[in-house]
Visitor: 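Mind having a look at this structure? Questions to follow.
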Amino acid sequence: MAQAAAVAKPPAPPRRRRASATPRRLPYLLIAPAALLMLGFIAYPVLSVFYYSLRDYNPTKPWRNGFAGFGNFTRIFTEDPLFWDTLVFSAKWVFVEVGLQLMFGLALALIVNQTFVGRALGRALVFSPWAVSGVLTSAIWVLLYNSQTGITRYLADMGVGEYGVSWLSDTSTVFPAAIVADLWRGVPFFAILILADLQSVSKDLYEAAEVDGASRFKQFWHITLPHLKDAIILSTLLRAVWEFNNVDLLYTLTGGGPAGTTTTLPLYIANTSVDAHDFGYASALTTVAFVILLLCSMVYLRLSKFGGEK
């Protein structure tokens, strides 16, 4: 009987092992080093700027350092006419530069997207200026605009203009000259992004449009542009932020002159902090610029319906 009872007794169910939490934590552990680096190199400087914007901080005048509250911001909006002048010029610079870069970049992308002999070489030549650093670009155009050895000298040799003319020293020509210099490097950025998006457009759409009798312009307007909508919105937003923060080219070409006519808000901030050593006020200007860019970006994405239906 005892043996029968022992045989009939069902085996005990196996114990369930507790699921280890390590696999679930592994992704967070892997990205932790990068997150800590971003926290150290991005979050800390940003918070430091916000902190110093509420203080008077000038290393050359330590006796005046201390808590300022919103005094720096009051000074910006009520006592500093240079802030408004540089903000207006920054808006003008961004609008003209981004608009022209988009127009020429779109045209170049459409051209190099076609099939022709030497297309690979053409694409390389179109995209090569984007690989040049901003400082080197500035140095190239400083030489080109040199009144003794640059473009104006060769034009004067051909009887166009006068010798010794400097486009960067004349208030009537400095803005177009700076625009052209930055176009040379900025246009390839749009061409690269737009060309990449053009590669994904199905050729069947164009063939169907041709069968229906659609002209080239109608194909561009109803097929190409809607497909490029998100790429254009994203590229213009990124380029607008970069152009707003553009310091190296204008600083090297004009230094903000002549007579401050090409001083953008970031360049004004750089001069206030580096030259005048007024880091508290420069931090307040940086905070205002950050808020302006943030609000403009949000409004732009909202109005453009980025990511919506094409």
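Heavy-atom basis, side chains included; hydrogens, waters and symmetry copies ignored.
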Visitor: Side chain of Asn113, backbone of Ala109: donor and acceptor closer than 3.5 Å?
Guide: no

Visitor: Linking Ile, Leu, Val, Met, Phe, Trp and Tyr by side-chain heavy atoms under 4.5 Å, what else ends up with Leu303?
Guide: Val299

Visitor: Using only atom types and a distance under 3.5 Å, with no angle test, would you say the side chain of Arg153 pairs donor to acceptor with the backbone of Gln148?
Guide: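 Yes; judged by distance alone, with no hydrogens or angles, the pair exists.
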
Visitor: Here's one to test your reading of the geometry: is the NZ or CZ of Arg239 within 45 degrees of the ring axis of Phe190 and under 6.0 Å from its centre?
Guide: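 Output no; distance or angle outside limits.
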
Visitor: Side-chain contact, heavy-atom cut-off 4.5 Å: Ser133 with Leu136?
Guide: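 Yes. Closest side-chain heavy atoms under 4.5 Å.
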
Visitor: Sub-3.5 Å donor-acceptor pair from the side chain of Ser53 to the main-chain atoms of Ala284, do we have one?
Guide: no

Visitor: Do NZ/NE/NH1/NH2 and the carboxylate oxygens of Arg75 and Asp56 come within less than 4.0 Å?
Guide: no

Visitor: Would you confirm whether Tyr145, through its side chain, and Leu168, through its main-chain N or O, come within 3.5 Å as a donor-acceptor pair?
Guide: no

Visitor: For the backbone of Leu249 and the side chain of Thr252, can you confirm whether one donor and one acceptor N or O come within less than 3.5 Å of each other?
Guide: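 No, Thr252 side chain to Leu249 backbone: no donor-acceptor pair under 3.5 Å.
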
Visitor: Is any side-chain heavy atom of Pro59 less than 4.5 Å from a side-chain heavy atom of Phe279?
Guide: yes

Visitor: Is a donor on one side and an acceptor on the other found under 3.5 Å between the side chain of Asn65 and the backbone of Asn58?
Guide: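 Present.
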
Visitor: Can you check whether Asp197's main-chain N or O pairs, donor with acceptor, with Ser200's side chain at less than 3.5 Å?
Guide: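 Indeed, once roles are kept as given, a pair shorter than 3.5 Å links the two residues.
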
Visitor: Please set out all donor-acceptor pairs under 3.5 angstrom arising from side-chain atoms of residues 37-50, sequence neighbours excluded.
Guide:
unit_1 : atom_1 : unit_2 : atom_2 : d
Ser48  : OG     : Tyr44  : O      : 2.8

Visitor: Kindly list each side-chain donor-acceptor pair under 3.5 angstrom involving residues 208-223, sequence neighbours excluded, with atom names and distances?
Guide:
unit_1 : atom_1 : unit_2 : atom_2 : d
Ser215 : OG     : Lys218 : N      : 3.4
Gln219 : NE2    : Ala214 : O      : 3.2

Visitor: In a table with atom names and distances, give each donor-acceptor pair under 3.5 Å that connects a side chain of residues 85-92 to protein atoms at least two apart or in another chain.
Guide:
unit_1 : atom_1 : unit_2 : atom_2 : d
Thr86  : OG1    : Leu82  : O      : 2.8
Thr86  : OG1    : Phe83  : O      : 2.9
Ser90  : OG     : Thr86  : O      : 2.7
Ser90  : OG     : Leu265 : N      : 2.8

Visitor: Who else is in the cluster with Leu121 when I, L, V, M, F, W and Y are joined by side-chain contacts under 4.5 Å?
Guide: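 Traced through the cluster, Leu121 reaches Leu125.
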
Visitor: For residues Asn72 and Gly280, report the shortest heavy-atom separation together with the two atoms involved.
Guide: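 For Asn72 versus Gly280, the nearest heavy atoms are ND2-O, 3.6 Å.
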
Visitor: Can you pull the ring pair (Phe, Tyr, Trp, His ring centres under 6.0 Å) pairs that have at least one residue in residues 234-277, sequence neighbours excluded?
Guide: Phe189-Trp242

